[in-house]
A.B. asks: 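To start, I am sharing the structure in question, which I have written as structure tokens.
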Amino acid sequence: MKASAALGCAAIMPHFFLPHPATMQANYHPEAIEKSVQHAWDEQQVFLAQDTSDKPKYYCLSMFPYPSGKLHMGHVRNYTIGDVLSRYHRMKGFNVMQPMGWDAFGLPAENAAMAHNVPPAEWTYANIDYMKQQLKLLGLGIDWTREVKTCTPEYYRWEQWLFTKLFNKGVIYKRTSTVNWDPVDNTVLANEQVIDGRGWRSGALVEKREIPMYFFRITQYADELLKDLDTLDGWPEQVKTMQANWIGKSYGCDVHFPYDQTSIGTDGVLKVYTTRPDTLMGVTYVAVAAEHALATQAAANNPALTEFIAECKRGGTAEADMATMEKKGMNTGLFVTHPLNGEKLPVWVANYVLMGYGEGAVMAVPAHDERDFEFAQKYNLAIKQSINVAGNAFSDAAWQEWYGDKAQGVCVNSDKYDGLNFQAAFDAISADLASKNLGAKKEQFRLRDWGISRQRYWGCPIPIIHCAKCGDVAVPDEQLPVILPENVVPDGAGSPLAKMPEFFECKCPKCGDDAKRETDTMDTFVESSWYYARYASPQCSTGMVDKAAAQQWLPVDQYIGGIEHAILHLLYARFFHKLMRDEGLVQGDEPFKNLLTQGMVIAPTFYREAANGKKLWLNPADVTVSLDDKGRATGAALTADGLPVVIGGTEKMSKSKNNGVDPQAIIDQYGADTARLFMMFAAPPEQSLEWSDSGVEGAFRFLKRVWKAAHDHIEQGLVAAYRAGELSAAAQALRLQLHQTIQKIDDDYGRRKTFNTAIAAIMELLNALAKFDANTAVERSVVQEVLEAAVLLLSPIAPHISDAIWAELRPDTRLHEQGFPVVDATALVQNEIDLVIQVNGKLRGSLRVAKDTDKATLETLALAHEAVQKLLAGVAAKKVIVVPGRLINVVM
RNA sequence: GCCCGAGUGGUGAAAUUGGUAGACACAACGGACUUAAAAUCCGUCGCUUAGGUAAAACUGGCGUACCGGUUCGAUUCCGGUUUCGGGCACCA
């Protein structure tokens with residue numbers, strides 16, 4: 001009573017005594033609020049991350065954007081999620097670092113350069129300026145002093161430095177690899193630039209070509225990359241599964257097939273790797289890649305085979321294309337011999353065997369491999385059963401599931417191995433191969449070494465000098481960085497750097513003779529593999545990272561980015577962390593403690609086909625879609641000319657498909673808080689989301705309601721928030737809901753990371769507040785308590801409006817200095833609860849009982865319930881199941 | 001083709017550990033306020049060729065992509081199918 005009396009006193013103070021500087025605006029004006037709040041944040045440097053602090057650190061990182069031109073909704077989603085988590089942790093007492101930067105090298109800059117005749121550097125820096133201003137409008141709590149741009153020499157010099165260290169160590173090596181070659185433009189094409197087997201600009205049929213490239217020996221770390229997945233408790237299972245499958249550790253056997261002297265004419269063995277050595281006795285042929293030495297030899301006097309090999313070399317290198325194309329082959333006329341029984345086996349050239357994978361040759365067991373089965377049927381090759389599953393009859397007429405089953409199968413038609421199961425046959429056959437020196441057990445990975453050479457201009461130069469005498473020499477530290485000239489416009493026909501003597505002419509660092517600088521640049525995945533570490537000390541001029549700063553900030557506590565990066569980027573970054581660890585630069589084995597994979601924001605795509613077959617992608621904003629009465633699209637037309645366009649798939653927003661939606665219009669019309677709130681309310685973060693702006697209005701309406709609720713309260717005069725005292729039932733119920741909401745939202749932000757449900761709970765709380773009539777001083781203090789908490793709960797998502805309302809509710813304090821609301825346990829106490837009554841699992845009624853009612857009483861009450869009696873109709877219940885706190889199910 | 005996900009009202013979604021399907025919103029419809037409109041506020045809102053009623057209320061039945069299984073009870077677990085999305089190593 002004492003407290004409420006004091007509050008009552010405050011409440012009846014005349015309005016002009018209150019320490020309230022100005023009357024609160026009656027209406028919500030986001031543009032003015034957001035501008036002034038952002039200005040205050042900047043002035044007070046609220047989001048500067050402290051390198052030294054008593055508080056625990058929280059490093060919250062969102063995947064940095066490629067500066068494509070404008071933000072799209074995927075960015076808004078990604079960065080709002082990061083900002084919500086950052087602000088929540090700040091309120092929870094953490095020293096938060098939320099940095100931002102630019103993944104600034106890449107192919108789109110070269111395309112834009114060619115289209116607009118402007119150097120990639122100029123285009124990129126202009127995009128960065130524009131997008132940075134857009135990010136600032138969103139009100140993200142970013143420490144901009146740590147901004148990093150990967151295309152600056154200050155950044156990429158350290159990448160070059162690490163390259164030279166790893167090259168000298170042997171972790172980077174050179175060999176040839178297959179690329180897409182455009183024979184008209186005389187240039188290497190990215191997979192994305194190969195459309196239906198043709199070059200995107202020239203329209204020429206693409207060919208495979210072997211060129212020298214530098215590789216990171218990531219396979220040396222394969223085992224560790226696989227094993228350490230088990231330590232990543234904060235990663236989604238889905239991502240860990242994908243990475244494990246990608247690394248693809250297999251237990252198998254190398255098998256050597258000795259050459260048949262008569263047909264091949266020389267000594268030698270054909271090497272293959274198999275995970276099914278138990279089927280070795282069922283091998284009926286071997287298949288080699290078009291580039292394999294045996295294929296070349298056989299083609300020498302065989303024009304048909306020469307033509308077939310040329311055909312195999314046509315088309316791109318993408319695995320999806322290889323896997324879905326029609327399987328074709330041709331006999332070489334050459335033979336190898338079976339390593340165990342000496343049988344002659346024909347050697348075929350097949351388009352599905354790739355030179356770059358393993359040995360460029362495979363053994364074929366048509367009876368027990370579906371792909372081999374189809375191939376053998378097509379070319380009338382022998383199908384020899386060597387495995388049987390009891391109770392089944394083998395027939396070479398059609399493939400059956402069990403043919404490939406290694407769990408139940410045992411060897412048949414396999415001489416001395418007959419009757420052995422998979423493991424026994426595996427062991428016996430590999431032992432016999434080893435004793436003949438024709439093979440051995442081997443663990444192998446699906447993961448291949450990472451080729452990083454790109455024959456492109458807008459990337460980090462590879463710091464290698466080619467000397468006729470000394471070979472490949474790493475550029476010495478004192479000559480780093482190798483600076484990329486920035487005033488170049490590429491023409492799409494080969495690498496510009498290779499045409500610039502002023503760039504490539506140099507002296508050998510070892511012998512001083514004239515030498516040639518490498519003109520390839522690095523894969524842009526290299527830059528994005530270590531930026532997270534650079535943020536700890538972004539201006540460090542003495543090394544890749546300042547070791548103390550890296551130790552202070554790493555690992556990243558929360559990483560947030562699109563699910564499309566689940567494999568490549570995240571695997572390369574994990575690999576780089578281990579490389580840097582082994583150089584003594586960072587500690588720990590993994591860079592990202594917790595990972596949140598954001599679902600794609602997808603949108604429909606529209607295009608028109610030009611006469612030459614090229615697709616011109618049209619932005620959804622410029623297209624009008626006609627719908628039937630069930631809301632299905634029946635057609636689409638360009639709004640400008642009314643002529644039809646083709647409807648493509650619904651895909652992730654991207655520059656290349658021109659289906660990105662710029663958030664600017666929403667920010668301009670409703671403000672950043674509405675844009676953020678709407679994006680977070682639309683779906684949980686991990687779910688993919690088809691973009692639609694219906695509902696933006698509703699998000700804005702909610703913020704207006706919050707503003708009005710605060711305004712109406714403040715108009716009546718401020719009071720201190722409720723502490724203790726007697727309450728009406730309605731006020732008690734409101735406080736119960738408030739503290740349940742605090743508890744729920746704490747869990748939603750902290751553990752579940754579902755912001756849509758947090759918003760729904762705040763909406764419900766405000767709906768309850770709207771229905772609550774505050775008549776007494778104590779009741780008004782409860783309203784003050786609810787409003788203060790609601791604004792704090794909302795602030796990670798809609799920080800500007802929250803900041804502004806807070807300043808009205810608590811005039812002498814600032815919202816960004818407040819902690820997260822604390823649950824009052826006494827408000828949560830309930831004496832009675834509602835239980836559901838089911839009969840046979842179907843809802844039939846409910847029961848309000850004292851909280852601690854025992855099980856036997858509950859059973860009796862349930863059986864006595866009117867609806868239950870009616871259904872039982874005098875028959876005794878078979879069973880009664882009581883789920884404490886939830887329900888009672890009567891089984892009859 | 002292979003690997004990983006997802007599918008719930010007209011729409012976005014919720015149901016957190018197997019326990020009340022559709023919270024919270026959007027759209028739509030009806031009403032209040034207004035000279036009018038906007039804004040705001042209130043109400044209705046899964047399907048039903050089942051019963052019930054003048055109309056409602058109400059009482060059933062069905063319903064979480066599809067087929068099957070486990071369970072007292074399945075949106076949730078298991079097997080299969082299907083559609084959509086992500087990745088497949090040079091888009092980032």
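The model shown is predicted, which means the values in this text are computed figures rather than measured ones. Note on naming: letters A, B, ... go to the chains in the order of the sequence lines (proteins, then strands), and numbering restarts at 1 for each one.
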A.B. asks: Measure the distance from NE2 on A:H711 to P on B:rU40 and round it to the nearest whole Å.
C.D. replies: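 From A:H711 NE2 to B:rU40 P: 16 Å.
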
A.B. asks: Who are the salt bridge (Lys or Arg N to Asp or Glu O under 4.0 Å) partners of A:D520, not counting sequence neighbours?
C.D. replies: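 Checked A:D520 against salt bridge (Lys or Arg N to Asp or Glu O under 4.0 Å); zero matches.
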
A.B. asks: Determine, for nucleotides 82-92 of chain B in 5'-to-3' order, which nucleotides have protein heavy atoms under 4.0 Å from the base (write B), from only the sugar-phosphate (write S), or from neither (write -).
C.D. replies: ---SBSBBBBB

A.B. asks: Can you tell me the distance, in whole Å, between the CG atom of A:D748 and the C1' atom of B:rA23?
C.D. replies: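 A:D748 atom CG is separated from B:rA23 atom C1' by 13 Å.
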
A.B. asks: Who passes salt bridge (Lys or Arg N to Asp or Glu O under 4.0 Å) against A:K652, sequence neighbours left out?
C.D. replies: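 A:K652 satisfies salt bridge (Lys or Arg N to Asp or Glu O under 4.0 Å) with no other residue.
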
A.B. asks: Quick one: side chain to side chain donor-acceptor pair (under 3.5 Å) partners of A:W402, sequence neighbours excluded?
C.D. replies: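 With neighbours one apart ignored, the set is A:Q400.
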
A.B. asks: Could you tell me the separation between the CG atom of A:D369 and the C1' atom of B:rG1, rounded to a whole number of Å?
C.D. replies: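 Answer to the nearest Å: 13 Å.
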
A.B. asks: Could you state the CG-C1' distance from A:L847 to B:rU20, rounded to the nearest angstrom?
C.D. replies: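 Rounding to the nearest Å, CG of A:L847 and C1' of B:rU20 are 14 Å apart.
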
A.B. asks: With a sphere of 6.0 Å drawn around CG of A:D405, does it hold more than 12 non-hydrogen atoms of other residues, nucleotides or ligands?
C.D. replies: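 Atom CG in A:D405 is crowded, with more than 12 foreign heavy atoms closer than 6.0 Å.
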
A.B. asks: Distance check needed: B:rC4 C1' versus A:E686 CD, whole Å only.
C.D. replies: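 After rounding, the gap between these two atoms is 13 Å.
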
A.B. asks: Which pairs with one or both residues in residues 677-688 of chain A pass salt bridge (Lys or Arg N to Asp or Glu O under 4.0 Å), sequence neighbours excluded?
C.D. replies: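 Pairs touching residues 677-688 of chain A that pass the test: none.
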
A.B. asks: What residue pairs, at least two apart or across chains, pass salt bridge (Lys or Arg N to Asp or Glu O under 4.0 Å) with a residue in residues 751-769 of chain A?
C.D. replies: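 Every salt bridge (Lys or Arg N to Asp or Glu O under 4.0 Å) pair that includes a residue of residues 751-769 of chain A, provided the two are not neighbours, is A:D747-A:R751, A:D748-A:R752.
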
A.B. asks: Within the 4.5 Å heavy-atom criterion, are A:T521 and A:C460 side-chain neighbours or not?
C.D. replies: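 SC-SC contact between A:T521 and A:C460 ruled out.
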
A.B. asks: Indicate the ring-plane relationship of A:W123 and A:Y66, choosing parallel, tilted or perpendicular according to the 30° and 60° boundaries.
C.D. replies: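 Tilted: the ring planes of A:W123 and A:Y66 meet at 30° to 60°.
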
A.B. asks: Can you check whether any acceptor in the base of B:rU40 is under 3.5 Å from a donor in the side chain of A:K708, or vice versa?
C.D. replies: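 Answer no: no donor N or O sits under 3.5 Å from an acceptor.
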
A.B. asks: To the nearest Å, how far apart are A:F678 CZ and B:rA13 P?
C.D. replies: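 Atom CZ in A:F678 sits about 10 Å away from atom P in B:rA13.
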
A.B. asks: Residues two or more places apart in sequence or in another chain: which of them pass side-chain contact (heavy atoms from CB on, under 4.5 Å) with A:E401?
C.D. replies: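 Listed in chain order: A:W399.
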
A.B. asks: Expected output check: what is the dot-bracket annotation of RNA chain B, where ( ) and [ ] are pairs inside the strand (brackets for crossing ones), | is paired with another strand, and pairs are Watson-Crick or G-U under 3.5 Å?
C.D. replies: (((((((..(((......[....))).(((((.......))))).(((.((......)))))..(((((..]....))))))))))))....

A.B. asks: Protein within reach of the bases, or only the backbone? For nucleotides 24-30 of chain B, mark each nucleotide 5' to 3' as B, S or -, using heavy atoms under 4.0 Å.
C.D. replies: BSSS---

A.B. asks: Any chance you could list the contact pattern along nucleotides 67-81 of chain B? Use B for base contacts, S for sugar-phosphate-only contacts and - for none, protein heavy atoms under 4.0 Å, 5' to 3'.
C.D. replies: -----B---------

A.B. asks: What side-chain hydrogen bond (donor to acceptor under 3.5 Å, both in side chains) pairs are there with at least one residue in residues 560-573 of chain A, not counting sequence neighbours?
C.D. replies: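 For residues 560-573 of chain A: A:Y559-A:H569.
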
A.B. asks: Taking atom P of B:rU40 as reference, at what distance in whole Å does atom CG of A:L703 sit?
C.D. replies: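 Atom-to-atom, A:L703 to B:rU40, this comes out as 13 Å.
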
A.B. asks: Going by the rule salt bridge (Lys or Arg N to Asp or Glu O under 4.0 Å), which residues pair with A:R217 if we only count those two or more places apart in sequence or in a different chain?
C.D. replies: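 Salt bridge (Lys or Arg N to Asp or Glu O under 4.0 Å) list for A:R217, sorted by chain: empty.
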
A.B. asks: Hey, is the side chain of A:R886 pairing donor to acceptor with the base of B:rU20 inside 3.5 Å?
C.D. replies: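 Absent.
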
A.B. asks: Find the distance A:N756:CG to B:rU16:P and express it as a whole number of Å.
C.D. replies: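 Atom-to-atom, A:N756 to B:rU16, this comes out as 13 Å.
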
